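All values derive from a computational prediction rather than experimental measurement. Residue numbering restarts at 1 for every chain, and letters A, B, ... go by the order of the sequence lines.
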There are 2 protein chains.
Amino acid sequence: MPAPRQVCIAVIGVGGVGRCFLTQLQDLSARLSQSRLNPIYLSLILVSRSSKLLHSPSYKPINLATWEDDLNASTVSVLPPSEIASYLENAPARVVLVDNTSNQDVANAYPLFLKKGISVVTPNKKAFSDSFQLWKDIFDAALNGQGSGGYVFHESSVGAGLPVISTLKELVETGDEVRKIEGVFSGTMSFLFNSFMPVGGGGGSFSAEVKKAKELGYTEPDPRDDLNGLDVARKLTILARLAGLEVESPTSFPVQSLIPKELESCSSGDEFLARLGEFDDDMEKLKKEAADEGKVVRFVGSIDVAKNDVKVGLEKFDVSHPIAALKGSDNIISFYTKRYGDNPLIIQGAGAGGEVTAMGVTGDLVKVIRLLS
Amino acid sequence: MPAPRQVCIAVIGVGGVGRCFLTQLQDLSARLSQSRLNPIYLSLILVSRSSKLLHSPSYKPINLATWEDDLNASTVSVLPPSEIASYLENAPARVVLVDNTSNQDVANAYPLFLKKGISVVTPNKKAFSDSFQLWKDIFDAALNGQGSGGYVFHESSVGAGLPVISTLKELVETGDEVRKIEGVFSGTMSFLFNSFMPVGGGGGSFSAEVKKAKELGYTEPDPRDDLNGLDVARKLTILARLAGLEVESPTSFPVQSLIPKELESCSSGDEFLARLGEFDDDMEKLKKEAADEGKVVRFVGSIDVAKNDVKVGLEKFDVSHPIAALKGSDNIISFYTKRYGDNPLIIQGAGAGGEVTAMGVTGDLVKVIRLLS
């Protein structure tokens, strides 16, 4: 019988996703340690939020039931990524860094962590959708976990817990030819357009629907951060690169912003929302045009691999199209490939939210643990 | 830089799926061996079909470009699984057995292979849907690849290359509560009912649609092998077990057969087809009942985990339901879970066919190679 195995975990970021992840980690840790034949022991050796950090020079595990009080009681300020990396590389077992932030500085340090043999799992889109150079640096350093590098997994960077990235990677790795990827990649945009123009008619004015979405918590604090399309552009950048395209950045292809030019300079989200109604006529016109053709309007992203064509924006869909039939804030992603022919492989479901995003992170962690132990 | 790594492959079954797999293996083998930093060398050391076997006592690799001619030229008769296992366990590297048959005897030998450290990847449903004892024996012997056992993966046993099993496993492993699984699990049944009762009306008589499906190659040589529901029952058995239910066998829960009692004793598929029209009125009645309610009829499987309720048969669906909107011979599988709430996680696409089934097998092989090397 093999010796008991240990894996160390470090968690940066304890916001909505981070808290859900830590709850899932407590559960996972209990189950893995109780395995009859092959127990694996997970040790949380660092947890940090924007201002504070909890760790132990002797790598004494942090209690998963009391991490929050212990972090609150910590007097240690947050450390720069390079110092965190130095602490982690001397840990008594292989280490997985779980980055639950959307911080660019942490993302920029992934190559450093990976070169030191520290694995990374994260929903942080910035690491994989920023410059193509950072993408290359990350995957060169990772070497898929071979050599001395750590493993890197980022399922939740697109579609939260939905198996989008793993499916695309498998299509590519098994030699299928991915021709087109198309879908609704933003929970906010999904909710907004499913409400603004539901199949069968109805829906309020665009500005009213944006206000409703904000009230229900479906938008960022400043809704312009959703309406500018950059979140979708980042996800498209990631998928296009996995499909083999060298996309330079999320601003290197056409992205339609739903922020009227005249409102780009509004000093606050509130001012923006107060004035958005001035432009409702433009959106009503689009809606009417689509309705006259028996279609609905949706905010989608698409990648045509052969044409090297990536774009994000409004498009019209027949009411019988799966994209038109989407409900709530669900995402839908269609993969058109040589093997699947005319009927794409489709994945659909909640693409945002703390629990399902954390699930993608926990799922990646399970994969890394299996590869490490 | 680490030493070059080698993994040995043995392939049993070279029918439709097996041939597609061997083509994909040739491609995969070339790509893995050409990896700049971490080449992995795959050696095909055994290939067999029902009557013949090709291998080499010195484990000299079989040429992936000429395996078919070489197998045809072989004078060795097929060996029993126990002798194959003895040959494989002395191979010069870790071995993955790829079983592309639907043979029960081979399936029964999985525990033997796994105990010898030989990993198994397969689309063979019989191994995972036969007695619950065989299921336990397989996974006890595999120990998830820990200890001395090999790994076992069987993505293509449900939904071919669609990520159905990996998704269900991840939901369970990350601590979600799977409440219900529902879907269309048979390409044949999908095609049949999408033609018999398309949304919007139309469709021929049931017997005419069965004949058409057979002519187009969508059914087994004897269509009763599809219409008895056993194929779907096997898939449901696998998913229910992964969701935690101890389903004894695919005949231990209600399965609706579409073979009229009076035709069960027909001596041939042709006689059955010739007489099926006598029962068209029954199916027309069902169709009319559903149409009067604004619904369509589909052949589905469902698992209610809390109620320990597994069933297979005809059900009516609203025309706006995703199951009603299915096209061609596509499968659709919906996972209702605590985290995903009212809107399920849905996976949809081709669930049968040589290329996509082989893709699931190749994808599993990639996973095992990563775990072994």
Side-chain angles (χ1 to χ4, degrees), chain A residues 1-2 5 23-24 27-28 31 35 37-38 40 140 143-148 155 161-163 166-167 170-171 173-176 199 320 322 325 327-330 332 334-335 338-350 353 355-356 358-363 365-367 370-371 373, chain B residues 1-2 5 23-24 27-28 31 35 37-38 40 140 143-148 155 161-163 166-167 170-171 173-176 199 320 322 325 327-330 332 334-335 338-350 353 355-356 358-363 365-367 370-371 373:
Chain A
M1 196 172 294
R5 290 154 302 148
T23 304
Q24 292 180 17
D27 191 51
L28 177 71
R31 270 181 297 127
S35 163
L37 284 160
N38 296 285
I40 299 175
D140 281 354
L143 303 173
N144 280 323
Q146 310 300 346
S148 57
E155 184 63 73
L162 299 174
S166 54
T167 299
E170 185 154 316
L171 288 166
E173 282 174 342
T174 62
D176 200 357
V199 171
S320 69
K327 291 201 165 56
S329 61
D330 277 6
I332 183 169
S334 300
F335 296 99
K338 185 177 178 190
R339 285 187 196 137
Y340 279 92
D342 290 338
N343 289 354
L345 190 172
I346 299 176
I347 292 166
Q348 182 180 329
E355 282 290 347
V356 292
M359 171 182 127
V361 177
T362 306
L365 177 62
V366 170
K367 284 177 200 152
R370 247 182 228 137
L371 288 164
S373 58
Chain B
M1 197 172 296
R5 289 155 300 149
T23 305
Q24 293 180 18
D27 191 50
L28 177 71
R31 271 182 297 127
S35 162
L37 284 159
N38 297 285
I40 299 173
D140 281 354
L143 303 175
N144 280 321
Q146 309 301 346
S148 58
E155 183 63 72
L162 298 175
S166 54
T167 298
E170 185 155 317
L171 288 166
E173 282 174 342
T174 63
D176 201 355
V199 171
S320 69
K327 291 201 167 54
S329 61
D330 277 7
I332 184 170
S334 300
F335 296 100
K338 185 176 177 192
R339 286 188 195 134
Y340 279 91
D342 290 336
N343 290 353
L345 190 171
I346 300 175
I347 291 165
Q348 183 180 329
E355 283 288 350
V356 294
M359 172 181 126
V361 177
T362 306
L365 176 62
V366 170
K367 283 177 200 153
R370 252 189 221 129
L371 288 164
S373 58

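- Comparing A:Thr167, A:Asp330, A:Asp176, A:Val366 by how many heavy-atom pairs each has under 4.5 Å with chain B, the most go to A:Asp330.
- In terms of non-hydrogen atom pairs under 4.5 Å with chain A, the most contact-rich of B:Val361, B:Asp27, B:Asn343 is B:Asn343.
- Both the backbone and the side chain of A:Leu162 come within contact range of chain B, each with at least one heavy atom under 4.5 Å from a heavy atom of that chain.
- Chosen from A:Glu170, A:Gln348, A:Lys367, the residue pairing most often with chain B at heavy-atom distances under 4.5 Å is A:Gln348.
- Rounded to the nearest 0.5 Å, atoms OG1 (B:Thr174) and CD (A:Gln24) are 5.5 Å apart.
- Contact annotation for B:Ala350: both backbone and side-chain heavy atoms come within less than 4.5 Å of a heavy atom of chain A.
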message: As a quick check of understanding, evaluate side-chain contact (heavy atoms from CB on, under 4.5 Å) for B:Met359 and A:Leu171, giving each step before the final call.
response: CA-CA 8 Å; B:Met359 172 181 126; A:Leu171 288 166; 3.4 Å; yes
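- A:Leu371 has its side chain within reach of B:Arg370: a pair of non-hydrogen atoms, C-beta onward, lies under 4.5 Å apart.
- Most heavy-atom pairs under 4.5 Å with chain B: of the set A:Gly353, A:Gly341, A:Pro344, this distinction falls to A:Pro344.
- Between A:Glu355 and B:Lys338 there is no salt bridge, since no side-chain nitrogen of the basic residue lies less than 4.0 Å from a carboxylate oxygen of the acidic one.
- Residue contact with chain A, scored on non-hydrogen atoms closer than 4.5 Å, involves the backbone and the side chain of B:Ile347 alike.
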